[in-house]
Amino acid sequence: MNKKVYIETYGCQMNVADSEVVVSILAEAGYVQSDDIKSASLILINTCSIRDNAEQRIWGRLKDIGHLKKRNKELRIGIIGCMAERLKEKLLETEKLVDIVVGPDAYRELPMLVAEAEAGHKAVNVLLSREETYADISPVRMDKNGVSSFVSIMRGCNNMCSYCVVPYVRGAERSRNPESIIREANELFNNGYREVTLLGQNVDSFNWKTESETIGFHQLLEKVALISPLLRVRFSTSHPKDISDELLYTIARHDNICRHIHLPAQSGSSRILKLMNREYTREYYMERITAIKKIIPECSLSTDMITGFCTETDEDHKESLSLMEWAGFDFSYMFKYSERPGTKAARKLEDDVPEQIKSARLSEMIALQNKLSIKAKKSDIGKTFEVLVEGVSKKSSEQMSGRTSQNKVAVFPFTGCRKGDYVKVYIERCTSATLIGKSI
Ligand code: 5AD
Ligand code: SF4
C-alpha cells in the first residue's frame, strides 16, 4: 500500500508550485498525496520567511499538529522551503517535533531524507544550488479547478532589496530551460487547462542562452502565448527596473496574454526606494506605469507596498499614498515592514518606525486601496469582458464565476457553460470584490 503524505503550503505562488514538484518527487519513494492529515505518515510544511508573522504562523501550526505524533509513533514531520533554509539545523534544536529539514534546492533528496527519518534519524539538507530548476520533473497538480495552473520559469533572486530575505533562502537566480517550460505549458493545455501563470521572483530577467540564440522573458512569453489562442498566459512578478517596452509590446500583440501587470512599487518615496536598494526612483516607476497605460490601455495594475520601512517619515508615507492614488491600482498587497535577520537593512539600518505608526500607516493605506479598488470596479460597469469560467460561484449554485483578463472575479447567471469555457459577460454592477453581470 502507498504511504500517504500530507503537505501544507504557506507563502507565495512559487511555494505552491514547489509543493507540486515535491509531491512528484515523493511518488518515487512510494508516497501519494492525501488531503487527510490524520491518515498521513508524513506531514510536510512548505514554509515562508518573508515576514516574521509568516514564521510565527508556522510555529503555531507546528504546535497544533504535534499532538498527532503522540498518537502515531510512525508519523514523521518535515519543514521544507524558505524557513527550513533560513533556520537550518537550528530548527531541529528548537522544535523537537521536526524530523526533516529541507531547503528549496534540495527536494530531489527528499526520498533519501524521508527514508533516513523513517529509520529514526534526523535528516537535513539545506544546500543551495546554482543550477537546480527541477526542469525535468512533472509537477503533480494540486489546484482544485483544473483550469489555471502555475509554471515555474526560474528560481532564486539576484536583486538585493535591502529588506528581503529571498536571496538568502532561495539562492542565486537561474532560468529554466525554455523547452521544458513550453512542454509543461503544452501538457497543461492538452489536459484541459486554459490558463498558465509563469512564475519567477523577477521574471523580466529570465535569460536562457544557447549557441544559436538568447531567449529573454518577452520571447519566452510569446512562445507560450503561441501554444493556443485559447490558453491565457499570466506572469508574476515583474520588477519596475527591468520591465521593458519590448515586453509591453509583446503583451499588446497577443490577446491571450492577460491584461494585468503586478508591479511592486514598495514605496512612493525616492529616498526610501534608495534605502531599499530598489534601483529606481518614484519618477522612473511613474514613467513605467505611463508606458503600460499607453501601450496596453486596457491593462489592470496591482502592486506591493511596504509601510514603516527604516527612517520612513510622514512625508515619505504620503508619497506612497499619492503614488497609489496617481497609479489608480486595481488592487494591492500591503505590508508592515518586518525586519529579517541577516538582510542588509537589518545589518545597516535601524528598524526605527514604532509599531503603532506602522499600523496606522498601513490602515490608512488599506483604506485608500479599498477606495481605489471600488473606483476601478465601478469603471468596469457597462463594459463587456471575456471571462474564463472557473466553476460555480461560491455564493450561489445558479451563478458561474470566472476571471477577466484583468484578473478581476466576475459572476453571472448559469447559462450552460462549463469551467474552462470563455464567456462574454456584460458588467451590470459590482461589489468591492466582484464584478456582477450577464453573459451575452
Ligand atoms: N517586510 C515586509 N514586507 C516584505 N516584503 C518582502 N520583504 C518584506 C519585509 N521584510 C513584501 C514586499 C514583496 C512581497 C512579496 O512581500 O512587498 O514584494
Ligand atoms: Fe515565497 Fe519569499 Fe515566502 Fe519564500 S520567503 S515562500 S520566496 S514569499
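Counting starts at 1 for both ligands and their atoms, in listed order. Along the sequence shown, residues are numbered consecutively beginning with 1.
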Which atoms from ligand 2 have a heavy atom of [X] less than 4.0 Å away?
{"X": "Ser49", "value": "3 (Fe), 5 (S)"}
{"X": "Asn15", "value": "6 (S)"}
{"X": "Cys48", "value": "3 (Fe), 5 (S), 6 (S), 8 (S)"}
{"X": "Gln201", "value": "7 (S)"}

Using a 6.0 Å cut-off, check whether atom [atom1] of [X] has over 12 heavy atoms from anything other than its own residue.
{"X": "Lys344", "atom1": "NZ", "result": "no"}
{"X": "Lys88", "atom1": "NZ", "result": "yes"}
{"X": "Glu8", "atom1": "CD", "result": "yes"}
{"X": "Arg253", "atom1": "CZ", "result": "yes"}

Q | Arg155 and Asp105 ion-paired at < 4.0 Å | A | yes

Q. Ring centres of Tyr249 and His218 under 6.0 Å apart?
A. no

Q | Atom-level proximity to ligand 1, residues with heavy atom under 4.0 Å | A | Ile50, Arg51, Tyr163, Gln266, Asp304, Ile306, Phe335, Lys336, Tyr337, Ser338, Arg340

Q) Does Gly81 reach ligand 2, in the sense of a heavy atom lying below 4.0 Å from it? A) no

**Q.** Met83 to ligand 2, any heavy atom closer than 4.0 Å
**A.** no

Q | N, O or S atom of Cys82 closer to atom 4 (Fe) of ligand 2 than 2.8 Å | A | yes

Distance alone, cut at 3.5 Å: any donor-acceptor contact between the side chains of [X] and [Y]?
{"X": "Thr47", "Y": "Arg86", "value": "no"}
{"X": "Ser302", "Y": "His262", "value": "yes"}
{"X": "Gln369", "Y": "Ser373", "value": "yes"}
{"X": "Ser238", "Y": "Arg288", "value": "no"}

Q. Taking both backbone and side chain into account, is any N, O or S atom of Cys12 nearer than 2.8 Å to atom 1 (Fe) of ligand 2?
A. yes

Q. Given that the side chain starts at C-beta and the backbone is N, CA, C, O, which of these parts of Val166 lies under 4.0 Å from ligand 2, counting heavy atoms, or is it both or neither?
A. side chain

Q: With heavy atoms under 4.0 Å as the rule, classify the contact between Arg170 and ligand 2 as side chain, backbone, both or neither.
A: side chain

Q: Classify the angle between the aromatic ring planes of Phe335 and Tyr333 as parallel (below 30°), tilted (30 to 60°) or perpendicular (above 60°).
A: parallel

